[in-house]
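Notes to accompany the following structure.
Just so you know, these numbers come straight off a predicted model, no measurement behind them.
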Amino acid sequence: TDYVAPRNALEQQLARVWSELLGTDQAKIGVHANFFNLGGHSLKATRLVSQLYREFEVKLQLKDIFSHPVLQEQAQLLADSVTTTFAQIPLAAGQSSYVLSSSQRRLWVLSQFET
């Protein structure tokens with residue numbers, strides 16, 4: 001496909017996010033670029049969903065990234081979506097130990113057996 005530069009602020013910001021995530025020069029990411037053809041895969045798509053929520057305050061599903069892999073399509077999807085305020089989970093206070101869940105305790109007990 002022919003290179004077409006991002007045409008608006010949303011596409012430029014999305015290209016910047018892709019560039020950071022994929023380790024690609026932002027100048028090479030045009031509106032017809034495909035996330036997966038540039039080196040994206042399922043794990044990076046998961047990170048992209050999180051980053052888009054943080055940057056644009058839009059909650060997308062992982063399937064949205066797979067069904068809209070082109071930058072122009074994702075920008076339109078972001079523009080059409082309802083924003084949700086991003087709430088970062090606060091850090092727990094530093095302690096010498098923390099309470100374990102029952103699953104974590106079982107794993108710890110199993111790890112103590114010699115193999």
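Evaluation of the salt bridge (Lys or Arg N to Asp or Glu O under 4.0 Å) test over residues 8-19, restricted to residues two or more places apart or in two chains, returns Arg7-Glu11, Arg16-Glu20, Arg16-Glu55. Within the structure, side chain to side chain donor-acceptor pair (under 3.5 Å) contacts touching residues 58-70 (residues at least two apart or in different chains) do not occur. Residue pairs that meet the ring-ring contact (aromatic ring centres under 6.0 Å, His included) test with at least one member in residues 75-112, sequence neighbours left out, are Tyr53-Phe86. Pairs passing the side chain to side chain donor-acceptor pair (under 3.5 Å) check and including a residue from residues 80-90, sequence neighbours excluded, read Gln76-Asp80.
Val70 and Leu77 fall into different hydrophobic clusters, defined by Ile, Leu, Val, Met, Phe, Trp and Tyr side-chain heavy atoms under 4.5 Å apart, directly or through other members. Tyr3 and Phe35 fall into different hydrophobic clusters, defined by Ile, Leu, Val, Met, Phe, Trp and Tyr side-chain heavy atoms under 4.5 Å apart, directly or through other members.
For Pro69, the side-chain contact (heavy atoms from CB on, under 4.5 Å) criterion is met by Asn34, Phe36, Glu73, not counting sequence neighbours. With sequence neighbours excluded, no residue forms a side-chain hydrogen bond (donor to acceptor under 3.5 Å, both in side chains) with Arg105. Partners of Leu10 under the side-chain contact (heavy atoms from CB on, under 4.5 Å) rule, at least two apart in sequence or in another chain, are Asn8, Phe56, Ala75, Leu78, Ala79. The side-chain hydrogen bond (donor to acceptor under 3.5 Å, both in side chains) check on Gln104 picks up Ser101, with sequence neighbours excluded.
Taking the side chain as every heavy atom from C-beta outward, Val17 and Leu48 approach each other to under 4.5 Å. Contact of the Leu52 side chain with the Leu14 side chain is registered, since non-hydrogen atoms from C-beta on lie closer than 4.5 Å. Put simply, the side chain of Gln51 does not reach to within 4.5 Å of the side chain of Leu21, judged on heavy atoms. Proximity of Ile65 to Gln74: side-chain heavy atoms (C-beta onward) are separated by under 4.5 Å at one or more points.
The hydrophobic cluster containing Val99, built from Ile/Leu/Val/Met/Phe/Trp/Tyr side-chain heavy atoms closer than 4.5 Å, comprises no other residue.
Remark: Trp18 CH2 to Leu38 CG distance equals 6.5 Å, nearest 0.5 Å.
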Going through the distances and angles, do Arg106 and Ser103 end up as a side-chain hydrogen bond (donor to acceptor under 3.5 Å, both in side chains)?
CA-CA 5 Å; Arg106 280 192 301 270; Ser103 297; 3.1 Å; yes

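When all heavy atoms are compared, the tightest approach of Pro6 to Gly30 is CD-CA, 4.5 Å.
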Table please: side-chain donor-acceptor pairs of residues 22-29 below 3.5 Å, with sequence neighbours left out.
| from | atom 1 | to | atom 2 | distance (Å) |
| --- | --- | --- | --- | --- |
| Asp25 | OD1 | Ala27 | N | 3.4 |
| Gln26 | NE2 | Gln12 | O | 3.3 |

